[in-house]
Amino acid sequence: MRIATWNINSVRLRINRVAEFAKANDPDVICLQETKVMDDLFPLEAVQEMGYPHVAISGMKSYNGVAILSRVPLKDVQRQEWCGKSDCRHISAVLPGGIELHNFYVPAGGDEPDREKNEKFGHKLDFLDEMNEWFPANRTTRKKMVLVGDLNIAPLETDVWSHKQLLKVVSHTPIEVEKLGNVQDSLNWTDAVRHFIPEDEKLFSWWSYRARDWDTSDRGRRLDHVWVTPPLKKTLKGATVLRDQRGGEKPSDHVPVMVDFDL
DNA sequence: ATGGTGGCTTTGCCA
């Protein structure tokens with residue numbers, strides 16, 4: 001079983017890129033974020049043509065939006081509200097074998113890392129607190145779960161191009177890293193990507209559009225994650241970050257992250 | 001200290 005997560009930054013604009021990615025990498029499940037489309041305009045036909053008959057979507061006009069495209073049946077699809085907002089930042093479904101898959105798009109948090117001056121940063125911190133409360137209140141470490149998505153935080157020093165220069169930049173501030181760490185600790189989640197790629201190796205999944213040359217300057221961050229609960233840890237078989245997807249015509253600013261399981 | 005790009009929709013918002 002191969003599960004992929006990808007912030008696609010408009011699924012309609014990049015549906016052909018998704019199709020090419022699926023053909024080349026053959027993931028069983030593709031979790032998308034920032035689909036930026038209402039459900040009735042979602043390119044369902046194209047997704048089914050590429051071999052994903054089971055689709056769960058939660059989208060809105062212009063912003064946010066998440067989707068799960070699957071070759072295997074999806075059960076018990078749920079769309080959770082966070083911070084009292086219906087802003088399409090979460091969808092979950094149960095895969096065969098009773099594995100619960102959660103797909104998140106955590107708020108980016110704006111530019112200023114101070115909740116007094118920037119309410120978007122406050123929203124992000126509150127969102128993380130709510131995740132940290134919801135999981136232990138509603139699930140246990142014994143449940144088979146996969147949590148994926150654009151969490152908009154690069155927790156490790158090697159998850160950013162310069163730890164020192166990003167300490168006050170939203171996505172790598174100590175308070176965000178601490179709160180994400182609390183979520184991770186709450187159900188003893190394993191970072192499935194760092195399970196395979198050593199922590200002393202720089203690893204990014206996002207590069208800004210604003211760089212003159214994203215590849216040469218390589219000022220990236222690892223914002224996209226795949227976590228698993230303890231019962232799935234031994235089933236982990238590999239992890240891949242598809243850096244090449246940042247290149248070519250009209251890329252997303254994020255690249256796909258894939259994790260393989262032997263279930 | 002600033003501005004750089006991209007998507008969607010609007011002439012600004014969000015990332």
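All heavy atoms count here, side chains included; hydrogens, waters and symmetry mates do not. None of these values were measured; they are calculated from a predicted model.
Between A:D159 and the choices A:H225, A:R221, A:R194, the side chain to side chain donor-acceptor pair (under 3.5 Å) rule is met once, by A:R194.
Going from the C1' atom of B:dG6 to that of B:dT10 covers 15 Å, rounded to whole Å. Straight-line distance between the C1' atoms of B:dT11 and B:dG7: roughly 15 Å, to the nearest whole Å. Annotation: B:dT9 and B:dC13 have their P atoms spaced 16 Å apart (nearest Å). B:dA15 and B:dG3: their C1' atoms are spaced 15 Å apart (whole Å). Rounded to whole Å, the C1' atom of B:dC14 lies 16 Å from the corresponding atom of B:dG4.
Along DNA chain B, the nucleotide closest to A:N64 and the one closest to A:K250 are compared, and the more 5′ of them pairs with A:K250. Positionally, the nearest nucleotide of DNA chain B for A:S208 lies more toward the 5' end than for the other of A:N152 and A:S208.
Within the nucleic acid shown, A:R219 has no heavy atom closer than 4.0 Å to any nucleic acid atom. Among the atoms of the strands shown, none is found under 4.0 Å from any heavy atom of A:R221.
With hydrogens and angles left out, the side-chain atoms of A:E81 and A:S86 include a donor and acceptor closer than 3.5 Å. Using a 3.5 Å distance cut-off with no hydrogens or angles, the side chains of A:Y52 and A:D28 do not pair a donor with an acceptor.
Between A:F135 and A:W189, the ring center distance clears the sub-6.0 Å criterion. Ring to ring, A:H90 and A:W82 are close: their centroids are under 6.0 angstrom apart.
When DNA chain B is scanned in the 5' to 3' direction for atoms under 4.0 Å from non-hydrogen atoms of chain A, the outermost contacting nucleotides are B:dG4 to B:dA15.
Sorted by first and then second residue, the salt bridge (charged side-chain N to carboxylate O under 4.0 Å, His left out) pairs with a member in residues 90-109 of chain A read A:E100-A:R139; sequence neighbours excluded.
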